[in-house]
Amino acid sequence: MSAIKSLHTPIFIVNLKSYVWGKKALKLAKIVEKVSQETSVYLCIIPQLVDINLIARETNVPVFAPHMDPLKPGRGTGRVLPEAIKEAGAVGAMFNHAENRLPLTEIATTIKRAREIGLISMVCCSSPEEARAIATLGPDIIISEPPKLIGTLRSVGRDKKFVTESIRMVKSIDPKIIVVCGAGVSSGNDVAELVKLGVEGTGASRAICEAKDPLRLLTEMVKALEHEWESQKKRDKRCI
């Protein structure tokens, strides 16, 4: 099955950023793998570029690159080649994170390159309006995050308008695009509140990477996501 065909909702993303790398990153990836075996949630991990092959080789967790350039084989010293991350074991790439922004024209060509070689495109944005603009480019996933809350452990779910408007803007362009909202998510309650607002996924970075017991916290978050997702589906059926 191709990477894109195996993608499903709900999604939970563990973004390691620069909190952990190497052996510690692999240890966390194995925790993600353990939790993934006990849930229907699509659990994935975003490590450092240099750790993609290690984690893809040692676990069955879907691995995403933390960045990708719209590069083609040939020249491009220091840039990230899509074919290279795919061969390393990545199933997709996240790009345009608030910590590594790209111009819209480059986002468009990067999505196109991902599509050409069968990588899942996971594109970040910083506002509902930007989410709408990126939706017109046809990525697989849009992650909408207010920059002021990233890394704060204060959940994006507190800004209900940001979340609901992000969803509305994207779905008005293309209902098939998966909408994820993150930033500051640090508990199962945070996750459940976001699902109630209509997201199709969320994720965490600092909370999990700095947790004394990352297995317990990740399990709590994923169970909350799965439980609230199933509850929402049941409510939707009753409304039909």
Side-chain angles (χ1 to χ4, degrees), residues 1-16 25-26 28-49 51-68 80-97 107 110-124 134-135 137-144 167 170-171 174-182 191 194-195 198-205 208 218-219 221-230 232-233:
M1 184 181 292
S2 72
I4 293 173
K5 285 184 178 179
S6 66
L7 178 64
H8 63 271
T9 54
I11 293 172
F12 193 90
I13 302 161
V14 179
N15 184 5
L16 304 186
L26 179 59
L28 260 180
K30 288 186 175 180
I31 288 172
V32 174
E33 181 179 41
K34 178 178 174 61
V35 176
S36 73
Q37 292 167 348
E38 301 167 0
T39 181
S40 60
V41 172
Y42 184 91
L43 260 168
C44 59
I45 192 166
I46 307 175
Q48 286 281 311
L49 280 166
D51 293 326
I52 290 173
N53 184 253
L54 172 67
I55 292 173
R57 190 175 66 244
E58 296 292 330
T59 74
N60 290 316
V61 178
V63 181
F64 284 72
H67 178 68
M68 185 177 86
V80 183
L81 179 69
E83 283 84 353
I85 62 170
K86 184 175 183 180
E87 189 166 323
V91 301
M94 178 187 72
F95 43 96
N96 195 47
H97 192 275
I107 294 170
T110 307
I111 291 170
K112 183 179 178 182
R113 286 289 289 124
R115 192 178 299 124
E116 285 173 357
I117 65 170
L119 287 170
I120 299 168
S121 54
M122 182 185 284
V123 187
C124 300
I134 291 172
L137 306 176
D140 300 299
I141 303 167
I142 289 179
I143 305 176
S144 193
I167 297 166
V170 173
K171 297 300 184 179
D174 187 347
K176 297 190 296 297
I177 296 173
I178 296 169
V179 184
V180 171
C181 279
V191 172
L194 284 168
V195 179
V199 303
E200 294 167 292
T202 187
S205 296
I208 290 173
L218 181 60
T219 300
M221 288 177 161
V222 171
K223 282 187 175 179
L225 175 54
E226 187 172 45
H227 178 266
E228 191 56 43
W229 183 262
E230 291 302 319
Q232 292 283 70
K233 280 170 55 178

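Note that the structure is predicted; figures quoted are calculated from it, not measured. Scope of the values below: all heavy atoms of this structure, side chains included, with no hydrogens, waters or symmetry mates.
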Under 3.5 Å, is there a donor-acceptor pair between the side chain of [X] and the main chain of [Y]?
| X | Y | value |
| --- | --- | --- |
| Glu33 | Asn60 | yes |
| Arg113 | Met68 | no |
| Asp174 | Ala135 | no |
| Ser144 | Cys181 | no |

(message) A side-chain contact here means heavy atoms from C-beta on lying under 4.5 Å apart; do Pro82 and Leu119 qualify?
(response)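 They are in contact (side-chain heavy atoms under 4.5 Å apart), so the answer is yes.
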(request) Report yes if the side chains of Thr110 and Ser121 come closer than 4.5 Å at any heavy-atom pair, otherwise no. (result)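 A side-chain contact is absent here, since even the closest heavy-atom pair is not under 4.5 Å.
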(request) Could you walk me through whether Ile178 and Leu7 pass the side chain to side chain contact (heavy atoms under 4.5 Å, CB included) test, one step at a time? (result) CA-CA 10 Å; Ile178 296 169; Leu7 178 64; 3.8 Å; yes
(request) Would you please test Glu230 and Lys233 for salt bridge (Lys or Arg N to Asp or Glu O under 4.0 Å) and show each step? (result) CA-CA 5 Å; Glu230 291 302 319; Lys233 280 170 55 178; 3.7 Å; yes
Calculate, to the nearest 0.5 Å, the distance between atoms [atom1] and [atom2] belonging to [X] and [Y] respectively.
| X | Y | atom1 | atom2 | result |
| --- | --- | --- | --- | --- |
| Met94 | Cys124 | CE | SG | 4.5 Å |
| Ile45 | Thr59 | CD1 | OG1 | 7.0 Å |
| Ile141 | Ile134 | CD1 | CD1 | 13.0 Å |
| Leu54 | Gln48 | CG | CD | 12.5 Å |
| Arg57 | Leu26 | CZ | CG | 9.0 Å |
| Gln37 | Leu43 | CD | CG | 10.5 Å |

Least distance between heavy atoms, [X] atom then [Y] atom:
| X | Y | answer |
| --- | --- | --- |
| Leu16 | Leu28 | CD2-CD1, 3.8 Å |
| Ala88 | Ala56 | O-CB, 3.8 Å |
| Gly92 | Ile85 | O-CD1, 4.4 Å |
| Glu200 | Thr9 | CB-CG2, 3.9 Å |
| Ala90 | Ile52 | N-CG2, 3.7 Å |
| Phe12 | Met221 | CZ-SD, 3.5 Å |

(request) Please assess Met122 against Val180 for the test side chain to side chain contact (heavy atoms under 4.5 Å, CB included), listing each intermediate value before the final yes or no. (result) CA-CA 10 Å; Met122 182 185 284; Val180 171; over 6 Å; no
(request) Please lay out, stage by stage, how Glu226 and Lys223 fare under the test salt bridge (Lys or Arg N to Asp or Glu O under 4.0 Å). (result) CA-CA 5 Å; Glu226 187 172 45; Lys223 282 187 175 179; over 6 Å; no
(request) Check the pair Asn15 / Phe64 against side chain to side chain contact (heavy atoms under 4.5 Å, CB included), numbers first and verdict last. (result) CA-CA 9 Å; Asn15 184 5; Phe64 284 72; over 6 Å; no
(message) Does Ile13 form a side chain to side chain contact (heavy atoms under 4.5 Å, CB included) with Ile143? I'd like the steps, not just the answer.
(response) CA-CA 10 Å; Ile13 302 161; Ile143 305 176; 3.8 Å; yes
(message) So that I can tick it off, tell me whether Lys86 and Glu83 are bridged by a salt bridge, with the cut-off set at under 4.0 angstrom between side-chain N and carboxylate O.
(response)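 Here Glu83 does not pair with Lys86 in a salt bridge, since their nearest N and O are not under 4.0 Å apart.
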(request) Evaluate whether atom NE2 of His8 has more than 12 neighbouring non-hydrogen atoms of other residues, nucleotides or ligands under 6.0 angstrom away. (result)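 More than 12 heavy atoms, drawn from other residues, nucleotides or ligands, come within 6.0 Å of this atom.
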(message) Would you say that more than 12 heavy atoms from the other residues, nucleotides or ligands in this model lie under 6.0 Å from the NZ of Lys171, or not?
(response)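 Yes - once you tally the heavy atoms of other residues, nucleotides and ligands closer than 6.0 Å, there are more than 12.
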